Structures are given as C-alpha cells and as structure tokens.
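Report on the following structure.
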Number of protein chains: 2
Amino acid sequence: MDNTSVVKALAALAQESRLAIYRTLVEVGPSGMPAGKISESTGISPSSLSFHMKELTYSNLVTSRHESRFVIYSANFSTMNEVLGFLTENCCGGNPCVSTSTQTCLINEEQVS
Amino acid sequence: MDNTSVVKALAALAQESRLAIYRTLVEVGPSGMPAGKISESTGISPSSLSFHMKELTYSNLVTSRHESRFVIYSANFSTMNEVLGFLTENCCGGNPCVSTSTQTCLINEEQVS
DNA sequence: TCCATATTTCAATATTAGTTGAAATATTAA
DNA sequence: TTAATATTTCAACTAATATTGAAATATGGA
C-alpha cells in the first residue's frame with residue numbers, strides 16, 4: 001500500500017461523521033447496512049451522508065452493493081489492515097521490534113480477513 | 001480513548017508531510033530525532049515543520065524533549081495502539097470476531113509498548 | 001557580551017472540506 | 001403510468017488547513 005492510499009484512508013476516517021459511519025459498519029460486519037439506515041442511526045442527513053460515503057468508498061474503506069432500490073454499504077476490513085500495517089512498518093530501525101495486527105471476522109461460515 | 005482523540009490522531013496523520021514525519025519517527029524509535037534533522041530528511045521547511053509538529057504533538061502521537069538547543073521529537077507508540085484498538089473495536093456485532101493489535105519496541109534494554 | 005544556530009511565531013494567501021436545502025435520478029409498488 | 005421511496009447531485013456558503021517568508025525567541029560557543 002502506497003503513501004497516497006494511506007493518506008486517503010486516514011483522511012476518510014479523520015472526521016467525526018465518517019468515523020461514526022465507519023464504526024457502525026465495522027460493528028454490523030460484512031452484511032452491511034443500507035444508506036437510509038446509516039443516516040437514521042447516525043443522525044447524518046441523507047445528502048451529507050452521500051457525500052461522506054463517497055469519501056469512504058473512494059478510499060476503499062467501504063464497499064457498496066445494490067439491492068433493489070437500496071444501496072448497502074459495508075466495511076472493507078482488508079484496507080484497514082493494510083493501513084495498520086503501513087503505520088507500524090519498519091518500526092525502530094531494525095532493532096528488536098514486534099508489530100502484529102490481525103483482524104478476522106467470521107460470519108455465516110465465511111471468513112473475511 | 002474517545003471519539004474526539006481518535007479523530008485528532010487520524011487527522012494528524014492524514015497529511016503527506018505529517019505521515020512522512022511520523023513514519024520517520026517510528027523507524028528511528030524511542031531515541032527520537034531533532035527538528036532540524038527531521039526537516040532535512042523530509043525536505044519540509046523549518047517553519048512548516050514546526051506547524052506540523054505542533055499538530056502531531058497536540059494529537060499525542062509524538063512527544064518532545066529539549067536537549068540543549070535542540071528539540072528532540074519521538075513517536076508515542078501507545079497512542080497509535082489505542083487508535084488501532086478503537087478502529088477495530090466491537091467488530092462484527094458479537095459474532096466470532098478476533099481483533100488483536102500489538103506493537104512492541106525493545107531498545108536499549110527498555111521496552112516501550 | 002556578541003554572534004551563530006535551532007526552532008517557533010506570525011501575517012498573508014490559496015486551497016480544500018463540510019453543511020444545507022432544493023432538484024435530479026432510479027427503482028419499486030399500486 | 002403515476003406516485004412514493006431511496007439515494008445522489010448541485011450550488012452557495014462558511015470554516016478550516018497548508019505554505020511561504022520574515023521576524024521573534026532561546027540557547028550555546030567564541
């Protein structure tokens with residue numbers, strides 16, 4: 001993962017509304033949540049939400065799928081893991097240094113890393 | 001760690017210059033680096049660097065100490081770990097879900113978590 | 001003390017980000 | 001086809017951020 005992608009991801013999360021949205025999606029897991037319900041449960045207006053979802057999608061932290069007239073958003077766990085890896089990479093210049101970060105979700109018999 | 005602190009930390013890192021500074025400090029480890037050398041090795045002007053260091057310090061991602069007329073900055077690993085924890089917290093709403101994140105640095109016989 | 005070095009502060013400017021409400025688009029149900 | 005629902009787009013406005021260069025502050029050495 002390159003510098004620019006990491007900055008994009010961090011910038012996407014560095015905002016109260018988007019952080020709240022992202023955490024909501026992390027908690028709900030891979031099944032995701034439709035835009036309207038995100039708007040409702042976070043108190044963010046639909047128009048503003050759409051703006052923020054674009055940021056989160058663009059940074060690859062969430063993905064979306066269509067289901068009839070709903071747009072279902074869900075957290076993309078692998079992007080987050082790459083970001084975490086980047087931030088702790090090459091820690092302490094070769095001196096004894098351990099850095100691990102794993103995130104595993106098991107839902108509906110399916111493992112999403 | 002509360003919402004606002006996490007947003008502050010993420011905002012601090014969501015900027016090319018500051019991300020470069022932070023990674024430089026992570027790589028060098030707890031011994032840190034003086035402002036002038038950071039400026040030199042990242043190509044950020046002293047005045048601009050000072051602005052960014054204030055952001056990073058304010059968000060508690062780096063700390064500073066004085067050594068004669070130098071100001072030595074170093075990464076604060078525990079803040080980063082708290083941020084990582086926050087982002088992966090309560091993953092997948094109670095379903096089987098594992099989230100671990102550790103960062104350990106061993107330098108000069110001293111362990112910095 | 002006086003000068004050089006290290007860093008920070010400040011003002012000016014340019015750019016980017018977030019919110020609002022109204023209008024547009026798309027899908028489904030009657 | 002018409003109406004209702006779900007979501008996105010747009011324009012206008014406001015606020016926050018980043019960069020630059022000059023000046024200020026602080027420390028240490030000659």
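In this text the structure is predicted, and so the values were computed from the model without any measurement. Chain identifiers are assigned alphabetically (A, B, ...) following the order of the sequence lines, protein sequences preceding nucleic acid strands; residue numbering begins at 1 within each chain.
- The interatomic distance linking B:Glu40 (CD) with C:dT5 (P) rounds to 14 Å, in whole Å.
- Taking 4.0 angstrom as the limit, A:Arg18 places a side-chain polar atom (N or O) nearer than this to OP1 or OP2 of C:dG18.
- Taking the side chain as every heavy atom from C-beta outward, A:Val6 and B:Leu19 approach each other to under 4.5 Å.
- B:Phe70 does not carry B:Arg65 over the face of its six-membered ring by the limits of under 6.0 Å from the centre and within 45° of the normal.
- Spacing between atom CG of B:Leu49 and atom P of D:dA18 amounts to 13 Å, rounded to whole angstrom units.
- Closest to the side chain of A:Phe51, out of D:dT7, C:dT8, C:dG18, is C:dG18.
- Scanning atom types as modelled, one donor and one acceptor separated by under 3.5 angstrom connect the side chain of A:Ser47 and the base of C:dG21.
- Between the CG atom of A:Leu56 and the P atom of C:dA17 there is a distance of 14 Å, rounded to whole Å.
- Rounded to a whole Å, the CD1 atom of A:Ile21 is 11 Å from the P atom of C:dG18.
- Residues A:Tyr22 and A:Thr24 are not in side-chain contact: their nearest non-hydrogen atoms beyond the backbone lie 4.5 Å or more apart.
- Closest-nucleotide positions on DNA chain C for A:Glu67 and A:Ser45 were compared, and the one nearer the 5' end corresponds to A:Ser45.
- Using modelled atom types, one side-chain atom of B:Thr42 and one backbone atom of B:Ile38 make a donor-acceptor pair closer than 3.5 Å.
- For C:dA6, neither phosphate oxygen OP1 nor OP2 lies less than 4.0 angstrom from any side-chain nitrogen or oxygen of B:Lys37.
- In this structure, B:Ile72 and A:His66 both approach DNA chain C, and ranking their closest nucleotides by distance from the 5' end singles out B:Ile72.
- Looking only at side-chain heavy atoms (C-beta outward), B:Glu55 and B:Leu61 stay at 4.5 Å or farther from each other.
- Using a 4.5 Å heavy-atom threshold, the side chains of B:Tyr73 and B:Lys37 count as separate.
- Listed candidates were D:dA18, C:dT19, D:dT8. Nearest to the side chain of A:His52 is C:dT19.
- Here the C1' atom of nucleotide C:dA17 and the CG atom of A:Leu13 are 16 Å apart, to the nearest Å.
- Distance from the side chain of A:Ala35 is smallest to D:dT7 among D:dT7, D:dA18, C:dT8.
- Here D:dG28 is the nucleotide among C:dT7, C:dT19, D:dG28 with the atom lying nearest to any side-chain atom of B:Ser68.
- Residue B:Ile38 contributes atom CD1, which lies 13 Å from atom C1' of C:dA6 at whole-angstrom precision.
- Here the P atom of nucleotide C:dT7 and the CE atom of B:Met33 are 12 Å apart, to the nearest Å.
- Residue A:Glu55 is classed as having no contact, given no heavy-atom separation below 4.0 Å to the nucleic acid.
- Comparing D:dT5, C:dT19, D:dG29 by their closest approach to the side chain of A:Arg69 singles out D:dT5.
- Regarding contacts with the backbone of C:dT8, a side-chain N or O of B:Tyr73 is found under 4.0 angstrom from either OP1 or OP2.
- Side-chain to base pairing of A:Ser48 with C:dG18: no donor and acceptor N or O lie closer than 3.5 Å to each other.
- Straight-line distance from the CD1 atom of A:Ile44 to the C1' atom of C:dT20: 14 Å, rounded to whole Å.
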